[in-house]
**Q** 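My questions will all concern the structure given below.
Just so you know, these numbers come straight off a predicted model, no measurement behind them. Counting from 1, the numbers follow the sequence of the chain as shown. Keep in mind that the numbers below use all heavy atoms, side chains included, and drop hydrogens, waters and symmetry copies.
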Amino acid sequence: MNAPATLSFDTPGDADRAAELRRVKALAMLVLASTLALFIVAKWLLPVHPVFGFIAAFAEAATIGGLADWYAVVALFKRPLGLPIPHTAIIQSNQARIADKLGEFIQVHFLEAGPVEAKLNEIDFGSFVADWLRDRKRSDDLARFALRLLPEAVSATESSGLMTFIIRRMSSQVQAIDLAPLAAGTLRGFVAEGRHQILFDDLLRVMHETLTQKETMGMIREKVRAELPTLLRLYRADKFLVNKIVASATAFFNEVRSDAKHPFRGEFDRMVLSFVDRLGTDQAYIDRIDGLKRDLLARPELADLARTVWANTRSFIERSASGETQVLQHHLAGMFVAAGEALAGDAELRGEINKGLVTVLRSFVADQKSGVSIFISDQVKAWDMAQLISLIEINIGRDLQYIRFNGSLIGGLAGLALYSVEFLLRWL
């Protein structure tokens with residue numbers, strides 16, 4: 001069996017209340033003894049004068065009333081004079097039933113959905129979170145705490161196989177992505193924004209610069225010279241033709257680059273859009289892109305890169321957690337403060353947070369209230385009743401002792417009234 005729970009009732013003022021209780025108990029006992037002594041004296045002096053009969057009746061009833069209330073007060077906590085009288089030591093005898101009823105009462109009247117929801121709705125969780133995060137010191141402490149946990153989380157991720165699972169899951173997800181429609185949609189947006197024309201202009205510029213280079217012109221001249229008849233070579237027709245070709249090309253390039261509506265640009269648009277359409281629908285393109293994707297994912301360099309990135313990330317986290325660098329902590333703290341500022345300025349978001357937390361906490365309380373009732377019941381059953389009774393006596397015993405005073409007074413008055421009626425009836 002479990003030992004009774006030892007409770008600490010040493011609260012401020014207990015010593016003074018205990019002293020006051022002892023004083024009132026002594027006073028109540030003195031009153032009881034006084035009424036008994038008064039009864040004896042009055043009975044002894046009854047032959048002297050009839051008035052002592054009234055005094056004796058009052059004292060007798062006051063003594064009986066005081067004794068009855070003493071018995072009632074004592075029986076509430078313990079057995080009077082240690083005698084096994086039935087229906088005494090009420091609190092001790094009913095400890096289990098009191099425990100069960102207390103747990104049931106709290107479950108029914110304090111943890112019902114209605115009262116719990118009403119109380120939760122009074123709390124502005126969103127503002128509390130916002131104010132908490134906006135405090136720079138608290139955000140720094142939170143960032144420092146999070147950084148201390150990160151290395152352990154990283155180690156647990158590696159040792160538990162979670163990282164392998166994540167990598168495999170990510171790889172399978174990437175493998176499942178159909179890149180051809182995605183690439184086609186991206187290029188179509190690129191064309192719709194006219195950004196392909198910038199690329200086209202750069203392409204024209206590069207072609208023009210390449211064509212006008214001496215090396216390129218020399219190569220073209222050699223090709224032209226090889227195709228010309230021998231007679232024309234003597235008149236250096238090859239140089240003339242090359243210069244004409246380059247001049248015509250330069251003029252054409254400048255014309256296209258300076259005219260945003262040049263027909264050649266339209267042809268380029270149609271060519272690009274045709275390629276985009278084929279990219280998204282032509283199975284040959286789709287298969288080729290899918291093959292490139294598989295080849296890329298299968299490259300060992302990609303796995304090495306991932307391992308390197310992960311190792312560097314882990315090293316950075318460990319250095320941040322050890323305090324070697326404060327960069328990550330400052331960024332985290334700043335992020336928390338910014339989140340608090342944003343939350344403080346967004347009443348709608350705070351309302352959503354409050355609503356969500358009320359729903360979660362209400363459900364949690366509803367699920368756990370029976371457990372709370374059992375917990376309270378078990379705790380009360382495990383209490384040391386001697387300590388609990390001492391606590392109750394110290395805090396309310398003084399008021400209970402006044403019941404004895406009232407019992408003596410009311411009993412005495414009742415006895416006096418009955419004796420007076422009896423006295424009058426004898427004279428009638």
**Q** What pairs with Y402 under side-chain contact (heavy atoms from CB on, under 4.5 Å), at least two apart in sequence or on another chain?
**A**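 Here the qualifying residues are V24, R398, F405.
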
**Q** Show me the pairs that pass salt bridge (charged side-chain N to carboxylate O under 4.0 Å, His left out) and involve residues 141-154, at least two apart or across chains.
**A**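 Of all non-adjacent pairs touching residues 141-154, those that pass salt bridge (charged side-chain N to carboxylate O under 4.0 Å, His left out) are K137-D141, D141-R144.
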
**Q** Which is it for L142 and L133 under the side chain to side chain contact (heavy atoms under 4.5 Å, CB included) test, yes or no, and what are the steps along the way?
**A** CA-CA 9 Å; L142 180 59; L133 290 175; 4.0 Å; yes

**Q** Could I get the full list of side chain to side chain donor-acceptor pair (under 3.5 Å) partners for E122, not counting sequence neighbours?
**A**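 So E122 forms a side chain to side chain donor-acceptor pair (under 3.5 Å) with K119.
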
**Q** If you measure from OG1 on T359 to CG on N354, what distance do you get to the nearest 0.5 Å?
**A**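 Here the rounded value is 10.5 Å.
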
**Q** Would you name the heavy atoms of E117 and V358 that are closest together and state the gap between them?
**A**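 Residues E117 and V358, closest heavy atoms: CG-CG1, 4.1 Å.
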
**Q** So, D140 and R136, do they make that salt bridge, N to O below 4.0 Å?
**A**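 R136 and D140: salt-bridged.
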
**Q** Would you check if F128 and I123 make a side-chain contact, meaning some heavy-atom pair closer than 4.5 Å?
**A**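 No - every pair of side-chain heavy atoms lies 4.5 Å or more apart.
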
**Q** What pairs with I40 under side-chain contact (heavy atoms from CB on, under 4.5 Å), at least two apart in sequence or on another chain?
**A**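 L36.
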
**Q** List the atom of L409, the atom of F58, and the distance in Å for their closest heavy-atom pair.
**A**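 For L409 and F58, the tightest heavy-atom pair comes out as O-CE1, 4.4 Å.
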
**Q** Scan residues 21-38 for pairs that pass side chain to side chain donor-acceptor pair (under 3.5 Å), counting only residues two or more places apart or in two chains.
**A**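 Qualifying pairs: E20-R23, T35-T63.
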
**Q** Evaluate side chain to side chain contact (heavy atoms under 4.5 Å, CB included) for I353 paired with L343, printing each intermediate quantity in order.
**A** CA-CA 10 Å; I353 291 175; L343 183 58; 3.4 Å; yes

**Q** According to the salt bridge (charged side-chain N to carboxylate O under 4.0 Å, His left out) rule, which pairs have a member within residues 404-422, sequence neighbours left out?
**A**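 Every pair satisfying salt bridge (charged side-chain N to carboxylate O under 4.0 Å, His left out) with a residue in residues 404-422: E422-R426.
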
**Q** Report the C-alpha separation of N406 and D69 in whole Å, then their side-chain angles, then the decisive distance to 0.1 Å, and conclude whether the side chain to side chain contact (heavy atoms under 4.5 Å, CB included) test is met.
**A** CA-CA 9 Å; N406 295 334; D69 284 340; 5.6 Å; no

**Q** On a heavy-atom basis, which atom in G411 and which in A61 lie closest, and how many Å separate them?
**A**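 Heavy atoms of G411 and A61 come nearest at O-CB, 2.8 Å.
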
**Q** Specify the closest pair of heavy atoms between S373 and E104, including all atoms of both residues, with the distance to one decimal.
**A**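 Reported closest heavy-atom pair: OG-N, 3.6 Å.
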
**Q** What heavy-atom pair brings S420 and F54 nearest, and what distance separates the two atoms?
**A**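 It is OG-CE2, 3.4 Å.
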
**Q** How close do G415 and A57 get, heavy atom to heavy atom, and via which atoms?
**A**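 For G415 versus A57, the nearest heavy atoms are O-CB, 3.9 Å.
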
**Q** Kindly compute the distance separating CG (L67) from OG (S408), expressed to the nearest 0.5 Å.
**A**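 Taking CG in L67 and OG in S408, the distance rounds to 8.0 Å.
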
**Q** Quick one: CG on L32 to CD1 on I64, what's the gap to the nearest 0.5 Å?
**A**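 Separation between the atoms: 11.0 Å.
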
**Q** Can you check side chain to side chain contact (heavy atoms under 4.5 Å, CB included) on Q329 and L332, steps first, answer last?
**A** CA-CA 5 Å; Q329 180 181 328; L332 279 176; 5.7 Å; no

